[in-house]
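Residues take their numbers from the sequence shown, with the count starting at 1.
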Amino acid sequence: MTEPFIRYEIAVREPHRHLYDVALIAGGSFPDSVEVRMPVWSPGSYLIREYARNMQDVSVSDPDGRALRFEKVSKNAWRIDGAGRGFAFRFRLYANEPNVQSPHLDDTHGFIHPPAVCPWIEGFSDRPCDVVLDLPDGWRIATGLEPVEGTTDTFRANDYDELLDCPIECGDFVDLRFTARRRPHRIVISGGGGLDEKALLKETRKIVETVIDFWGGAPPYRHYTFICHVFPGSRGGLEHRNSTVLGIDSHSFHPRKKYEDQVLTLIAHEFFHTWSVKRIRPAALGPFDYGQENYTRLLWVFEGITSYYDNLLVVRAGLMPAKRYFKNLSAFIGKLNQTPGRLRQSLAESSFDTWIKFYRQNEHSPNVLVNYYLKGMLVGLLLDLHVREKTDGRVSLDDIMRELWKRYQADGAGIGEAEFEAIAAEVSGLDLR
């Protein structure tokens with residue numbers, strides 16, 4: 001038997017039509033009948049997005065180019081017969097959703113979001129896989145994936161999880177680079193606006209150094225890439241193990257207050273996730289099941305407490321005045337107090353139900369739900385203040401977070417649903433019930 005190998009070929013031939021040509025090439029020995037499945041959601045974005053809806057023109061052939069029999073057996077799965085010697089699963093993918101959780105393609109750039117582009121072969125997601133890109137002349141590539149030695153267009157992932165956690169930006173983008181704590185970092189910018197590239201480079205580096213120093217020790221990656229989509233109306237971010245995708249509105253660079261609130265805190269938030277949620281994570285979030293919801297009641301910890309630190313670490317980096325920070329806190333408190341749903345839904349319930357409520361809001365939603373980013377941030381503030389007060393400043397939330405990192409950075413097991421409270425109590429020596 002020949003060892004199986006997996007390769008993804010992604011070509012840009014008609015960017016003006018927003019269509020990628022995608023091929024999943026399976027070589028070597030496979031079972032005679034296999035299933036190919038497309039993810040329905042993206043880690044870090046807790047909503048069923050039904051990525052298969054953008055697929056078209058599916059075909060399957062054997063290594064000799066002859067058509068193989070296949071059947072669609074569910075909304076995101078295809079059964080292929082006669083796959084024993086390998087096969088090519090080909091399709092076209094419509095990509096015209098310019099956000100951080102979906103692929104996008106036009107004449108200016110291509111964003112490849114692997115959960116929406118790369119299906120997996122059931123039973124073979126632990127196999128290494130290559131990605132080969134066929135791009136227009138002059139387009140460059142930025143990704144957290146490692147290039148295959150001797151190539152400029154081929155990249156390798158150790159397994160399917162790693163592939164899905166490494167977005168790829170292509171195009172004639174702005175490319176800024178810096179070194180922080182002996183690690184190379186890259187900022188690539190597609191689109192544009194009234195940004196000062198030198199200031200963005202300098203201030204991103206300062207945030208990176210502040211966050212690395214917060215956690216202590218060497219950064220847990222060999223290199224890091226910030227992928228910035230700077231377009232009118234862009235917003236949000238999505239964290240990855242050695243990269244992040246940032247949606248930044250073109251008009252958010254001026255005045256300074258807006259830049260701090262919408263750009264610098266977003267950079268701090270997503271980079272903080274490199275430790276908190278990408279490595280320290282709820283046990284329920286790994287190994288991932290890409291075919292259905294993955295439930296946890298701890299998103300308020302991993303998103304809310306990250307939101308507490310995003311503003312705070314920008315202040316600690318010297319990039320936001322303390323007076324402004326407290327004004328922002330006042331606004332956050334006011335916003336929560338004006339949300340009737342805070343009296344009806346707990347943070348744990350909000351985390352668990354995010355799949356059906358937080359990301360699917362209607363006009364009644366403020367009456368029945370609470371934002372786990374917003375309230376989680378303020379609970380993080382209260383926990384920090386409480387621990388500092390009761391220990392006369394000997395212990396803080398910083399110490400609790402660092403203890404989580406110390407315990408969970410190595411084994412990758414993930415924390416249980418009640419473990420954050422237990423560790424916070426242990427580190428502080430307080431009854432926090």
Side-chain angles (χ1 to χ4, degrees), residues 46 211 213-217 268-269 272-286 294-313 315-316 325-326 328-337 339 341-354 357-358 369-433:
Y46 308 100
V211 175
D213 292 346
F214 170 90
W215 292 104
H269 184 102
F272 193 86
H273 273 319
T274 307
W275 288 259
S276 179
V277 94
K278 294 313 301 181
R279 288 169 173 85
I280 314 165
R281 58 169 177 78
L285 295 183
N294 292 216
Y295 295 101
T296 176
R297 291 178 169 83
L298 290 177
L299 291 181
W300 71 269
V301 173
F302 290 95
E303 292 294 354
I305 289 180
T306 297
S307 295
Y308 170 56
Y309 277 110
D310 61 25
N311 274 258
L312 190 57
L313 288 169
V315 176
R316 292 182 185 179
Y325 170 73
F326 288 120
N328 284 349
L329 272 185
S330 176
F332 294 142
I333 293 168
K335 186 174 181 180
L336 178 66
N337 285 337
T339 305
R342 78 191 192 281
L343 304 175
R344 287 190 168 88
Q345 187 185 51
S346 72
L347 280 175
E349 291 167 343
S350 178
S351 300
F352 193 85
D353 274 346
T354 185
K357 291 191 176 181
F358 184 68
L369 63 78
V370 70
N371 184 328
Y372 57 79
Y373 286 84
L374 175 63
K375 186 178 177 182
M377 169 181 61
L378 296 174
V379 169
L381 165 70
L382 293 173
L383 176 60
D384 197 4
L385 293 174
H386 178 74
V387 169
R388 288 173 185 268
E389 180 185 31
K390 296 300 181 182
T391 64
D392 294 323
R394 294 188 304 275
V395 182
S396 71
L397 184 56
D398 296 8
D399 300 299
I400 294 168
M401 299 305 292
R402 290 180 190 126
E403 182 63 23
L404 284 172
W405 175 238
K406 178 181 175 183
R407 295 191 188 191
Y408 291 100
Q409 62 176 311
D411 61 20
I415 74 173
E417 296 293 285
E419 214 156 348
F420 176 75
E421 179 184 334
I423 290 174
E426 178 186 334
V427 172
S428 66
L430 303 172
D431 181 349
L432 298 173
R433 286 175 293 176

TODO: List for me each residue that meets side chain to side chain contact (heavy atoms under 4.5 Å, CB included) alongside S307, sequence neighbours excluded, and say none if there are none.
DONE: H269, D310, Y373, M377

Open item on the list: Go through it in stages, so that I can follow the logic: the residues are I400 and F420, the test is side chain to side chain contact (heavy atoms under 4.5 Å, CB included), and I'd like the CA-CA distance, side-chain angles, deciding distance and then a yes or no.
Closed with: CA-CA 9 Å; I400 294 168; F420 176 75; 4.1 Å; yes

TODO: Could you list the residues that satisfy side chain to side chain contact (heavy atoms under 4.5 Å, CB included) with L382, not counting sequence neighbours?
DONE: none

Open item on the list: Going by side chain to side chain contact (heavy atoms under 4.5 Å, CB included), name the residues that satisfy it together with K390, two or more places apart in sequence or in a different chain.
Closed with: H386, L430

Task: Results of salt bridge (charged side-chain N to carboxylate O under 4.0 Å, His left out) for E349 - residues two or more places apart only - done: none

Task: Listed partners of T354 passing side chain to side chain donor-acceptor pair (under 3.5 Å), at least two apart - done: Y372

- [ ] Please round to the nearest 0.5 Å and tell me the distance separating atom CZ of R342 and atom CG of L336.
- [x] 6.0 Å

Task: Check: F358 and N371 side chains under 4.5 Å, non-hydrogen atoms - done: yes

Task: Side-chain touch S350/W300, heavy atoms, less than 4.5 angstrom - done: no

Open item on the list: I need the minimum non-hydrogen distance between R407 and I423, along with the two atoms involved.
Closed with: NH1-CG1, 3.8 Å

- [ ] Using a 4.5 Å cut-off on heavy atoms from C-beta on, say whether the side chain of W275 contacts that of L404.
- [x] no

- [ ] Test H273 against every option in R279, R281, E303 by the side-chain hydrogen bond (donor to acceptor under 3.5 Å, both in side chains) rule and name the one that passes.
- [x] E303

Task: Rounded distance [0.5 Å steps], CG in L374 versus CD1 in I333 - done: 9.5 Å

- [ ] Any chance you could measure L378, atom CG, to F332, atom CZ, to the nearest 0.5 Å?
- [x] 8.0 Å

- [ ] Can you sort out the partners of R388 under salt bridge (charged side-chain N to carboxylate O under 4.0 Å, His left out), two or more places apart, ordered by chain and number?
- [x] D384

Open item on the list: Applying salt bridge (charged side-chain N to carboxylate O under 4.0 Å, His left out), can you list everything that pairs with R297, at least two apart in sequence or on another chain?
Closed with: none

Open item on the list: Using the side chain to side chain contact (heavy atoms under 4.5 Å, CB included) criterion, which residues pair with A284? Sequence neighbours excluded.
Closed with: T296

TODO: Look up atom CH2 in W215 and atom CG in D398, then write down how far apart they are to the nearest 0.5 Å.
DONE: 9.0 Å

TODO: Search all heavy atoms of V370 against all heavy atoms of S346 and return the closest pair with its distance.
DONE: CG1-O, 4.0 Å

Task: side chain to side chain contact (heavy atoms under 4.5 Å, CB included) between V315 and F326, worked out - done: CA-CA 10 Å; V315 176; F326 288 120; over 6 Å; no

Open item on the list: Does this structure show an ion pair linking D213 with R316, if we count only N-O contacts that are shorter than 4.0 Å?
Closed with: no

- [ ] Using ring-ring contact (aromatic ring centres under 6.0 Å, His included) as the criterion, list what pairs up with Y308, not counting sequence neighbours.
- [x] none

Task: Qualifying residues under salt bridge (charged side-chain N to carboxylate O under 4.0 Å, His left out), relative to K278, sequence neighbours excluded - done: D165

Task: Contact list for residues 413-424, test salt bridge (Lys or Arg N to Asp or Glu O under 4.0 Å), sequence neighbours left out - done: none

TODO: Compare every heavy atom of T306 with every heavy atom of S276, then report the nearest pair and how far apart it is.
DONE: OG-OG1, 3.9 Å

Task: Residues that Y309 engages under ring-ring contact (aromatic ring centres under 6.0 Å, His included), provided they are two or more places apart - done: F214, F272

Open item on the list: Rounded to the nearest 0.5 Å, what separates atom CG in L298 from atom CG in L285?
Closed with: 8.5 Å

Task: From NZ (K406) to CG (D399), nearest 0.5 Å - done: 11.5 Å

